[in-house]
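These values consider heavy atoms only, across backbone and side chains, with no hydrogens, waters or symmetry-generated copies. Sequential numbering from 1 along the given sequence is applied to the chain's residues.
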Amino acid sequence: MQSDCLDKVDSSHTLFGLSIRSNVPIPGLAPLGTFSHAPDLGIYLGISPYGECAIPASSEELTYVSSYTDETGNPALRIWKTPDGLFLHLVYYDGFEFWLDRRGKTLWAVWPETSTLSDALSYLLGPVLGVLLRLRGVTCLHASSVALEDCSVVFVGSEGAGKSTTAAGFARQGYGVISDDVSALAECEGGFQVMLVDPHVCLWPDSVYKLYASSKALPRLTPGSEKQRLALGDQGSNFEHRLLPLGAIYVLGDRRPDPAPYVEAMPLRSALLSLVADTYANRILDREMRANEFAVLGRLVTAVPIRRIHSHNDASRIEGLCELIREDFASVHSPTSARL
């Protein structure tokens, strides 16, 4: 464990609309003064909830196994329930471990001595906080989102559907990125918003090559990861700092030959079922949480245009895909357009 992550200096931040107190400053997040109330989330970096005591993996209940694997065939992520029922234990293939209490109010993280705090934050500020938000009852889509015409536009899809690549394509054209891989929704008067998160996009090497003509144009997410990290603000990209109304959701369908890319309307029932299937970390939800989420998504599909988009088999045609989305978004928000 790196010694620089063990300094016992409290630091306050906000993220995903939560007030956060960490035992160390979190790079990339602006520090805040002291809160007038107890923080929503406590983060302990470099510390396990069990201290030096190890909990045998055989005593934990396995609840999730990622379909992605490393070079040796090990799943990229496993999620366990601890035997006392107090925590979810997230174990990544490269040795990063996170514990979340069941109420989503406290988080712990440890990692190998060969890794750094910055490496841990690549997980913490993305997928790990996505799981924590689910525990807190926040509806999260497995989606990336960008700012378009003073609205947020969300790209929903399963693993490998092209969510991050689409967001990065917009980023290359100067549009602000709001979130990558996890889009947390906040219901507000008159509609929905996408919560702001850590300003970076994670890309597979083939996507990096299609965007930058080199599979090594960006640094790796972590030393042992195949994925690469586009820090927003680099390579001409921007992070969107405004909290914008949700203007449309595009469900990424299968890739097809010409005349793709094209967009098609989705009946409300199909839209609802697609969003239910593409919520983030939905295997950790209990019956009550699933019922609440279904109600939220039911309101969402009646308030926001939901469109299915099929990109071309040639994934390098990202500029054409972005242009189509811009044109379609403008059409569904045209004063003369009928609601599909």
Any residue meeting salt bridge (charged side-chain N to carboxylate O under 4.0 Å, His left out) with R290, in chain and number order, not counting sequence neighbours: none
R299 vs E187, salt bridge (charged side-chain N to carboxylate O under 4.0 Å, His left out): CA-CA, chis, key distance, verdict: CA-CA 9 Å; R299 295 191 293 272; E187 194 168 7; 2.7 Å; yes
Verdict with supporting geometry, Y175 and L148, side chain to side chain contact (heavy atoms under 4.5 Å, CB included): CA-CA 7 Å; Y175 292 89; L148 186 62; 3.4 Å; yes
Rounded distance (nearest 0.5 Å) linking atom CG of L252 with atom CD1 of I309: 7.5 Å
Residues R307, E264: salt bridge by 4.0 Å N-O rule: no
Shortest non-hydrogen contact from D278 toward G157: OD1-C, 3.8 Å
F192 and S152, any side-chain heavy atoms less than 4.5 Å apart: no
Short side-chain to backbone donor-acceptor contact, K163 and S145, under 3.5 Å: no
ring-ring contact (aromatic ring centres under 6.0 Å, His included) against Y92, all qualifying residues, sequence neighbours excluded: Y123
Side chains of D328 and Y250 in contact at under 4.5 Å (non-hydrogen atoms): yes
Exam field: side chain N292 to backbone M289, donor-acceptor pair closer than 3.5 Å: no
Interatomic distance, T106 atom OG1 to Y44 atom OH [nearest 0.5 angstrom]: 6.5 Å
NE2-OH distance between H89 and Y50, expressed to the nearest 0.5 angstrom: 9.0 Å
Counterpart residues, side chain to side chain contact (heavy atoms under 4.5 Å, CB included), relative to T72 (two or more places apart): D70, N74
Smallest separation among heavy atoms of P305 and G247, with atom names: CD-O, 3.3 Å
Parallel, tilted or perpendicular, as decided by the 30° and 60° cut-offs, for the rings of H333 and F329: tilted
Test side chain to side chain contact (heavy atoms under 4.5 Å, CB included) applied to F96 and L90, step by step: CA-CA 8 Å; F96 290 84; L90 284 63; over 6 Å; no
F87 ring center near W108 ring center (under 6.0 Å): yes
Same cluster (ILVMFWY, side-chain, under 4.5 Å), V153 and Y262: no
Short side-chain to backbone donor-acceptor contact, T116 and D119, under 3.5 Å: yes
Residue pair L45, S22: steps toward the side chain to side chain contact (heavy atoms under 4.5 Å, CB included) verdict: CA-CA 7 Å; L45 300 172; S22 172; 3.9 Å; yes
pair I47-V110: side-chain heavy atoms closer than 4.5 Å: no
Nearest non-hydrogen partners of G169 and I318, listed with the distance: CA-CG1, 3.9 Å
Beyond-backbone contact of I284 with Y64, side-chain heavy atoms, under 4.5 angstrom: no
Side chain proximity check, S67 to E159, heavy atoms < 4.5 angstrom: yes
Atom CD of E288: over 12 foreign heavy atoms under 6.0 Å: no
Polar contact flag, side-chain donor to acceptor under 3.5 angstrom, R78-Y93: no
Between CD1 on residue I249 and CD1 on residue I306, distance to nearest 0.5 Å: 4.0 Å
R256 atom CZ, over 12 foreign heavy atoms within 6.0 Å: yes
L185 side chain reached by V296 side chain, heavy atoms, under 4.5 Å: no
Aromatic plane relationship, F170 with F155 - under 30° parallel, 30 to 60° tilted, over 60° perpendicular: parallel
Listed partners of R317 passing salt bridge (charged side-chain N to carboxylate O under 4.0 Å, His left out), at least two apart: D258, D314
Could you list the donor-acceptor pairs under 3.5 angstrom formed between side-chain atoms of residues 135-142 and any protein atom two or more places apart in sequence or on another chain?
from : atom 1 : to   : atom 2 : distance (Å)
R136 : NH1    : D40  : O      : 3.1
R136 : NH1    : G104 : O      : 3.0
H142 : NE2    : D181 : OD1    : 3.1

Minimal non-hydrogen separation, G130 against V182, with atom names: CA-CG1, 4.0 Å
S115 side chain to W111 backbone, donor-acceptor under 3.5 Å: no
Under 3.5 Å, sequence neighbours excluded: what are the donor-acceptor pairs made by side chains of residues 265-276?
from : atom 1 : to   : atom 2 : distance (Å)
S274 : OG     : S270 : O      : 3.1
S274 : OG     : R308 : NH2    : 3.4

Donor-acceptor under 3.5 Å (H310 side chain, D254 main chain): yes
I178 side, atom CD1; L243 side, atom CG - distance, nearest 0.5 Å: 8.5 Å
Which atom of A277 lies closest to which atom of N282, heavy atoms considered: O-ND2, 3.6 Å
Of L300, T302, V301, the residue whose pairing with V304 passes side chain to side chain contact (heavy atoms under 4.5 Å, CB included): L300
Rounded distance (nearest 0.5 Å) linking atom CG of L100 with atom CG of L86: 12.5 Å
Closest non-hydrogen atom pair between L133 and A184, with its separation: CD1-CB, 3.8 Å
Heavy-atom side-chain proximity of R326 to E149 below 4.5 angstrom: no
Step-by-step side chain to side chain contact (heavy atoms under 4.5 Å, CB included) determination, E97 to V91: CA-CA 5 Å; E97 299 184 60; V91 181; 4.2 Å; yes
Beyond-backbone contact of L88 with L132, side-chain heavy atoms, under 4.5 angstrom: no
